[in-house]
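The analysis underlying the following values was restricted to heavy atoms, covering all of them including side chains, and did not include hydrogens, waters or symmetry mates.
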Number of protein chains: 2
Amino acid sequence: MSQNNITLKELAKILDVSISTISKALNDSHEISEATKTKIKELAKLHNYQPNKLAINLKSGKTKTIAVLIPSIQNYFFAKVLLGIESVVAKSPYNIIIGITNESYEDEKENLQKLSNGIVDGFILSVAEETQIKQEFNHFKNTNKPIVMFDRVVKNMTCDKVMVNDFDSVYEATVDLIKNNRKNIAIATTINNLSVIKHRIEGYKKALSAHLNQVEFDLIVEEPLHLISDKLTNILKAKKIDAIISLDEFASLAVLKTVKQNNFSIPSEIALIGYMDEKVATYLTPEFSTIDQNGVQIGEIAAKTLIDRLENKALEPQEIIIKSTINKKATTN
Amino acid sequence: MSQNNITLKELAKILDVSISTISKALNDSHEISEATKTKIKELAKLHNYQPNKLAINLKSGKTKTIAVLIPSIQNYFFAKVLLGIESVVAKSPYNIIIGITNESYEDEKENLQKLSNGIVDGFILSVAEETQIKQEFNHFKNTNKPIVMFDRVVKNMTCDKVMVNDFDSVYEATVDLIKNNRKNIAIATTINNLSVIKHRIEGYKKALSAHLNQVEFDLIVEEPLHLISDKLTNILKAKKIDAIISLDEFASLAVLKTVKQNNFSIPSEIALIGYMDEKVATYLTPEFSTIDQNGVQIGEIAAKTLIDRLENKALEPQEIIIKSTINKKATTN
DNA sequence: TTGAAAGCGATACCAA
DNA sequence: TTGGTATCGCTTTCAA
């Protein structure tokens, strides 16, 4: 079970022909007679010949492999993006190699370096949290392979980007709440260092200032997951709140739980909407209104973009925006 | 940005020395004088020399890359296993390449073939559902690389296996319910073709027959996700049920929702326990009692086992069992 | 129609 | 201490 595959050289020896003849025959070259072709192909099949990809890659300078670097795997959003990438790549000659950066700058840098030395042809990645905090992006520039960034992108880098309309989505969700007579709308997030989260908060602020002339924003709850319930409980007791927008998956779960625990009725007293996996949202009680980033689509587009670039380097850098979808369910009206 | 890395040959030309001198110097060979070593190393650093991994791999016959094949990514369990694998592999010289088989036999077979030709040194995988239905396992035997199977393993194959004590865990959970005076215990699952699910159901049956002398089992609900709620509602109306054990993540969510919708109080009227991600379970209301498969640990052990095998082929095939943990929360007493 | 040989980028043995 | 050369497995050009 553990011995290696048969090689062209060995096949050549068996048939007493040259290596090049074997190679050409197996690649269906017109230079080789039908007779020898069939003979060689039969022998190859018999021995279950599989060309050594490493040798081909070394020769061609390409590996037909794409690296996907994601900050975390414990997250339905990235899982869905991965699914989208995988569905496109599976239909192509490419393979996927995955690195998880654990939101760490060092891990991200190391992954980039490790994989740039011939292992992959290009990268699809979403920037790690720590990298965004440090604002240190040279490791992206130091690789000589094309990069497609998605969701969390670096503004001032020229590369392909697949982005989400974070500002607009939350703006729209907020306005919708306002139109339903919500006047005291809070924000909850367990993350605060990411540009995407900042854009979402900006969308919220803009909606409040444009439609309610609100200029101070004291209902923004930014706490790590293990603290957010307590913090929110305090605020619910101290202030009047009639709607909450949650900006990440676990914030959404925590908000729902906390509001129920404090015996507010949903949505009559407090409406809820937030970022969460659609499938999970459907199985909560009450069913949760979501802002869906359409992760699968993001992954598909990112994969297509990178493959296009790898096959044809002449393209202009793309910046594609995937619109999020608002799915209203039982937690809003 | 898109030009290739500098090579030994080019460095050699610049310094007008031989390629072998460059190679040895960069590998700190004692054969080379300190003077030339430093000179060469400086030049290498200046040009940001990175050895071409493909060439090294071709030469050595090893790639230091591990393939992980998982049936689905939309699943917290596999995400956690992946996390465990990644944490071990990240500390090693190995890389991970991921394939998603989408529960399909063809996808699984294709992944195995595609990656066996020099791309990876070995596999960590969990068998696809369709493969288990077909009982077709030759593609596993046809690869000449070591395989570590986890969770869903093939009984009659000699390879390393990291398994879960499915039978025992559900047996134990069932007995615990019985001891708390539950006499009408139902099972809910959205999957029915997997050996692991079958083992779980066997554990349930054994507990009922051993402790309640029950020999007929008419409270087993096996339905795809979109039907399970309706089916369960009918059964809840027709029969007396005082506990439900759910065997997969989405079954657990669906059961919780359905039981609440039918206005049973939890756990006083109906107790619930099931397979689900711990973190999600904590944020449900009421907090959900879980059987935790300890996916991270499974991944860690699987990765260690494969790396051990790759470094030292002499080991006996291992069969390791990771015990699941029962975490009682608000849905049981 | 077939074969010889160079080359992809590195390592390592053997000479010098 | 340094260099030449074979080699990993394959593709491809040029000769035969």
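As rounded to whole Å, 16 Å separates atom C1' of D:dC8 from atom CD1 of B:Ile119. As rounded to whole Å, 16 Å separates atom P of C:dA16 from atom CD of B:Glu31. Rounded to a whole Å, the CG atom of A:Leu58 is 17 Å from the P atom of D:dT7. In this structure, B:Asn57 atom CG and C:dT11 atom P are separated by 11 Å, rounded to whole Å. Residue A:Ile19 contributes atom CD1, which lies 8 Å from atom C1' of D:dG9 at whole-angstrom precision. Look at CG on A:Asn5: it is 11 Å from C1' on D:dG9, rounded to the nearest Å. Rounded to an integer number of Å, the gap from NZ of B:Lys24 to C1' of D:dG4 is 10 Å. For the pair B:His30 NE2 and C:dA12 C1', the computed distance is 12 Å after rounding to whole Å.
Taking for each of A:Lys53 and B:Lys59 the nucleotide of DNA chain D with the nearest heavy atom, the 5'-most of the two is the partner of B:Lys59. The residue among B:Thr21 and A:Leu54 whose nearest nucleotide of DNA chain D lies closer to the 5′ end is B:Thr21.
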ask   = Going through the distances and angles, do A:Thr21 and A:Ser18 end up as a side-chain hydrogen bond (donor to acceptor under 3.5 Å, both in side chains)?
value = CA-CA 5 Å; A:Thr21 303; A:Ser18 76; 2.9 Å; yes
inquiry  = Run B:Asp160 and B:Thr305 through side-chain hydrogen bond (donor to acceptor under 3.5 Å, both in side chains) and show every step you take.
reply    = CA-CA 7 Å; B:Asp160 297 307; B:Thr305 307; over 6 Å; no
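Using a 4.5 Å heavy-atom cutoff, the side chains of A:Val17 and A:Ile22 are in contact.
Contact annotation: B:Thr7 does not reach the phosphate of C:dG9 (side-chain N/O to OP1 or OP2, under 4.0 Å). For the pair B:Tyr49 and C:dA10, the criterion of a side-chain N or O lying under 4.0 Å from OP1 or OP2 is met.
If you run salt bridge (Lys or Arg N to Asp or Glu O under 4.0 Å) between A:Arg152 and each of A:Glu129, A:Glu103, A:Glu130, only A:Glu103 comes through.
In this structure, B:Glu10 contributes its side chain and B:Thr7 its backbone to a donor-acceptor pair below 3.5 Å.
At the heavy-atom level, B:Ser20 lies under 4.0 Å from base atoms of the strands shown.
If you check residues 32-46 of chain B against DNA chain D, the residues with a heavy atom closer than 4.0 Å are B:Ile32, B:Ser33, B:Thr36, listed by number. Taken residue by residue, residues 8-18 of chain B places heavy atoms nearer than 4.0 Å to DNA chain D at B:Val17, B:Ser18.
Residues B:Pro71 and B:Phe78 share a closest heavy-atom pair of CD-CZ, 3.5 Å. Across A:Glu108 and A:Ala128, no two heavy atoms sit closer than the pair OE2-N, 2.8 Å. Considering every non-hydrogen atom in both B:Asn117 and A:Gln50, the closest pair reads OD1-CB, 3.1 Å.
For A:Phe140 and A:Phe123, the gap between ring centers reaches or exceeds 6.0 Å.
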